[in-house]
Amino acid sequence: MAKQKTTTKTGAKAALRPRLLVLNGPNLNLLGSREPEHYGSVTLEDINLALALRAETAEVDLESFQSNHEGALIERIHAARVQGVRYIILNPAAWTHTSVAVRDALAAVGIPFVEVHLSNIHAREPFRQHSYFSDRAIGVISGLGHQGYLLALEYLLNKLNTD
Ligand code: DQA
């Protein structure tokens with residue numbers, strides 16, 4: 001009886017940790033070597049590690065997922081609803097400018113998100129200056145390099161405390 005109570009308590013405590021999800025679109029697995037004049041020299045692994053460490057000190061569950069396949073990203077977004085993810089940090093990469101499907105997936109699950117871009121998409125080619133996500137995002141960080149992800153996380157940690 002007592003044992004069962006302890007298990008329940010532990011389970012409840014773990015479930016209380018808020019969940020955040022970081023999503024990265026195509027070619028971002030090549031960060032570090034890919035067009036460093038636009039995207040810097042920090043790798044996605046480094047960014048994910050920094051995010052994980054910050055989330056851990058804040059006692060928040062954070063998972064990072066990158067895909068070069070649109071359907072895989074969409075399915076990850078669908079799963080996020082089932083998992084009770086509270087907020088998403090999203091760099092849709094090239095899908096920013098093309099994907100009604102990823103936009104619709106976010107609308108379908110209704111999970112609020114912050115849109116992040118390493119480069120300033122408004123200072124680049126005209127086709128990059130439209131985003132299918134910005135009007136649905138809580139906010140957009142563009143042009144602050146890898147720090148944009150950490151700033152988005154800091155914002156969301158603060159938001160979780162005040163929700
Ligand atoms: C990007 C900007 C996009 O235009 C581009 O296709 C990317 C990365 C950025 O982080 O600056 O892949 O989202």
Side-chain angles (χ1 to χ4, degrees), residues 18-56 60-160:
R19 299 190 81 154
L20 299 180
L21 177 64
V22 182
L23 295 177
N24 281 290
N27 303 306
L28 292 173
N29 55 311
L30 300 180
L31 282 183
S33 61
R34 174 192 178 204
E35 300 181 89
E37 66 283 10
H38 286 305
Y39 306 119
S41 54
V42 175
T43 66
L44 187 58
E45 208 177 22
D46 291 337
I47 293 171
N48 287 340
L49 185 63
L51 291 170
L53 290 173
R54 180 63 190 102
E56 196 47 49
V60 163
D61 281 347
L62 180 142
E63 193 191 321
S64 296
F65 178 80
Q66 186 277 333
S67 184
N68 297 321
H69 303 276
E70 202 171 356
L73 197 83
I74 290 168
E75 279 170 9
R76 189 65 194 80
I77 291 168
H78 294 173
R81 175 164 61 182
V82 181
Q83 295 170 337
V85 168
R86 298 276 297 277
Y87 295 106
I88 292 174
I89 296 172
L90 168 71
N91 184 347
W95 294 327
T96 305
H97 321 295
T98 62
S99 186
V100 176
V102 176
R103 174 193 169 95
D104 283 354
L106 287 159
V109 299
I111 302 173
F113 64 95
V114 176
E115 178 181 350
V116 172
H117 300 282
L118 295 131
S119 63
N120 178 356
I121 57 172
H122 301 289
R124 299 186 63 192
E125 302 97 316
F127 71 85
R128 291 188 203 275
Q129 292 172 24
H130 174 259
S131 164
Y132 277 101
F133 299 88
S134 299
D135 63 310
R136 312 266 336 189
I138 301 171
V140 183
I141 300 174
S142 184
L144 303 185
H146 66 278
Q147 287 184 65
Y149 290 89
L150 283 160
L151 291 167
L153 176 57
E154 217 52 59
Y155 172 80
L156 291 176
L157 292 177
N158 201 45
K159 194 161 169 51
L160 283 170

Thr96 side-chain N/O to Phe133 backbone N/O, donor-acceptor pair under 3.5 Å: no

Test item: Val22 and Phe65 side chains (from C-beta on) under 4.5 Å apart, heavy atoms: no

Residue pair Ala152 / Ile141: nearest heavy atoms and the distance that separates them: N-CD1, 3.7 Å

Atom CD of Gln129 with >12 non-hydrogen neighbours under 6.0 angstrom: yes

Side-chain heavy-atom pair Asn68, Leu28 within 4.5 angstrom cut-off: no

Point-to-point distance, once rounded to the nearest 0.5 Å, from CZ of Arg34 to CG of Leu118: 8.5 Å

Working for side-chain contact (heavy atoms from CB on, under 4.5 Å), residues His146 and Thr43: CA-CA 9 Å; His146 66 278; Thr43 66; over 6 Å; no

Listed partners of Tyr149 passing side chain to side chain donor-acceptor pair (under 3.5 Å), at least two apart: Asn24, Asn91

Close side-chain approach of Leu144 to Leu151, heavy-atom, < 4.5 Å: yes

Residues Glu63, Arg76; criterion salt bridge (charged side-chain N to carboxylate O under 4.0 Å, His left out); working and verdict: CA-CA 11 Å; Glu63 193 191 321; Arg76 189 65 194 80; 2.9 Å; yes

Salt-bridge criterion met for Asp61 and Arg86 (N-O under 4.0 Å): no

Rounded distance [0.5 Å steps], CD1 in Ile88 versus CG in Leu156: 10.5 Å

Point-to-point distance, once rounded to the nearest 0.5 Å, from CZ of Arg54 to CG of Leu49: 14.0 Å

Pro26 to Pro92 - nearest heavy-atom pair and separation: CD-O, 3.7 Å

Reported CD-to-CD1 distance for the pair Glu115 and Ile89, which is rounded to 0.5 angstrom: 12.5 Å

side-chain contact (heavy atoms from CB on, under 4.5 Å) between Leu62 and Leu153, intermediate numbers included: CA-CA 10 Å; Leu62 180 142; Leu153 176 57; 3.8 Å; yes

Sequence-distant partners of Ala101, side chain to side chain contact (heavy atoms under 4.5 Å, CB included), two or more places apart: Glu70, Ile74, Ser99

Separation of Arg128 CZ from His122 NE2 (nearest 0.5 Å): 12.5 Å

Note, Leu90 side chain near Val114 side chain (heavy atom, < 4.5 Å): no

Aromatic ring pairing His97/Phe127, orientation class (parallel under 30°, perpendicular over 60°, tilted between): perpendicular

Student check: side-chain heavy atoms of Lys159 and Pro112 closer than 4.5 Å: no

Closest heavy-atom pair and its distance - Ser119, Tyr39: OG-CE2, 3.8 Å

Separation between OG of Ser131 and CZ of Arg136, rounded to the nearest 0.5 Å: 12.0 Å

Any donor-acceptor pair under 3.5 Å from Ser142 side chain to Ile121 backbone: yes

Validation row: Leu73, Val102 side chains within 4.5 angstrom (heavy atoms): yes

Side-chain touch Leu44/Gln66, heavy atoms, less than 4.5 angstrom: yes

Val60 and Leu160: CA distance, side-chain angles, deciding distance, side-chain contact (heavy atoms from CB on, under 4.5 Å) verdict: CA-CA 10 Å; Val60 163; Leu160 283 170; 4.1 Å; yes

